[in-house]
Protein chains: 2
Amino acid sequence: MSGCGNQGPTDPGGVDTGILESLLGYHARRASLAIVGRFMEHMAPHGLRPVDFSVLTLIAQNPGITSRQICAALAIQPPNLVGLVGGLQQRGLIERRPHPNDRRAVGLHLTPDGQRLHGAACATASAAEAQAATALTAREQATLVRLLRKLYSDV
Amino acid sequence: MSGCGNQGPTDPGGVDTGILESLLGYHARRASLAIVGRFMEHMAPHGLRPVDFSVLTLIAQNPGITSRQICAALAIQPPNLVGLVGGLQQRGLIERRPHPNDRRAVGLHLTPDGQRLHGAACATASAAEAQAATALTAREQATLVRLLRKLYSDV
DNA sequence: TATTGTTATACTCTATAACTATA
DNA sequence: TATAGTTATAGAGTATAACAATA
């Protein structure tokens, strides 16, 4: 029974998607792609990808944070963060300072330019969020965030 | 104000994630990665990636479906589907038959082996879904799917 | 011995241009 | 002229191994 007993709903193209419609991962991935795509369009004028904005935010909220801490918080492999941080530094948005306690590590800080750009990017992010969530009420948004957190918090 | 006025919650590592906590895309992406990751682990014994399972499901539910229809339903670029379909055919899971009305197109069908594997994979998918959603009640799951669909349906 | 940051590298995923045969 | 399928290819994104400096 390769159809799994389902005669499921159809997508806009009139194709029966069967069991896919019942899988949380299917919907989570499609929603993620749609939202992140819109976020990218809004953030493009700032020259920031979603991961760039995430890194800037972590540095803004945690001055002196190390690369390893960023990697742990965002699930990025250390080698893949090197170029990203290098790019932000080359644009003059962040700077590296010696870590006070550990001479192996480097503390990351926003420059004044970085603070200005991050402030503008935060406003853009809020605007994008408001637009992305027009289909949802405020209560639905809160519910959605709560349920999504449940899904990845206990892994 | 590069912190956007937020002094947000912290992630397990004790890092302040600031405005990220309020962004739907941030949570949708993390939830998607967590769920899809577990789905991949469950599906690995069948030798199927999520996209392979999706394609097999579409063919199972829509015998004779064309590559272009699959591309439209799953947002895959046609060139990227060629190798995928070729691999499934080489494994003897699907077969290509001439399209009844259009000599340019090819209708895709599951072989008996493909039907057996897809049936087993469906059972695995259901089991993975049940495990992924232990943190949620049945009502919460339904709510989550409904809200996620809203987010990407009106794009 | 373990950890930080780094280089080099490879593998996957995704996107575009261009071709062929049919419509 | 437009579409279905394909090839070749380029660009992201992501993964591991191994190294030097330091803990």
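Reminder, nothing fancy here: chain letters follow the sequence lines and each chain counts from 1.
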For this session: For B:Leu81 and D:dT6, give me the distance from atom CG to atom P, rounded to whole Å.
Result: 8 Å
Problem set entry | A:Gln89 CD - C:dG5 C1' separation (whole Å) | 13 Å
Between the protein and nucleotides 17-23 of chain C, which nitrogen or oxygen pairs come in under 3.5 angstrom?
from	atom 1	to	atom 2	distance (Å)
C:dA23	OP1	B:Arg103	N	3.0
C:dA23	OP2	B:Arg103	NH2	3.1

Seminar exercise, completed: 5'-most contact on DNA chain C (nearest-nucleotide basis), A:Ser67 vs B:Ala75, goes to A:Ser67
Problem set entry | Rounded distance (nearest 0.5 Å) linking atom NE2 of A:His42 with atom OG of A:Ser126 | 11.0 Å
For this session: For A:Arg146, enumerate each residue passing the salt bridge (charged side-chain N to carboxylate O under 4.0 Å, His left out) test, keeping only those at least two apart in sequence or located in another chain.
Result: B:Glu140
Exercise. Is it the case that A:His46 and A:Thr124 place a side-chain donor and acceptor less than 3.5 Å from each other?
Worked result: yes
For this session: Between A:Met40 and B:Ile65, name the one whose nearest nucleotide on DNA chain D is closer to the 5' end.
Result: B:Ile65
Hey, what are the protein-to-nucleotides 11-14 of chain C N/O distances that come in under 3.5 Å?
from	atom 1	to	atom 2	distance (Å)
C:dC13	OP2	B:Arg49	NH1	2.7
C:dT14	OP1	A:Arg29	NH2	2.9

Exercise. Are any of the side-chain nitrogens in B:Glu129 or B:Arg38 under 4.0 Å away from the carboxylate oxygens of its partner?
Worked result: no
Seminar exercise, completed: Output for pair (A:Ser54 OG, A:Arg49 CZ), nearest 0.5 Å, gives 10.5 Å
Seminar exercise, completed: Residue pairs passing the salt bridge (charged side-chain N to carboxylate O under 4.0 Å, His left out) test with at least one member in residues 69-95 of chain B, sequence neighbours excluded, are B:Glu95-B:Arg97
Would you be so kind as to tabulate the donor-acceptor pairs closer than 3.5 Å made by side chains of residues 76-90 of chain A, with sequence neighbours excluded?
from	atom 1	to	atom 2	distance (Å)
A:Gln89	OE1	A:Arg96	NE	2.8
A:Gln89	OE1	A:Arg96	NH2	3.3

Exercise. For C:dA2, does OP1 or OP2 lie under 4.0 Å from any side-chain N or O of A:Arg68?
Worked result: no
For this session: Quick one: list whatever passes salt bridge (charged side-chain N to carboxylate O under 4.0 Å, His left out) with B:Arg104, sequence neighbours left out.
Result: B:Asp102
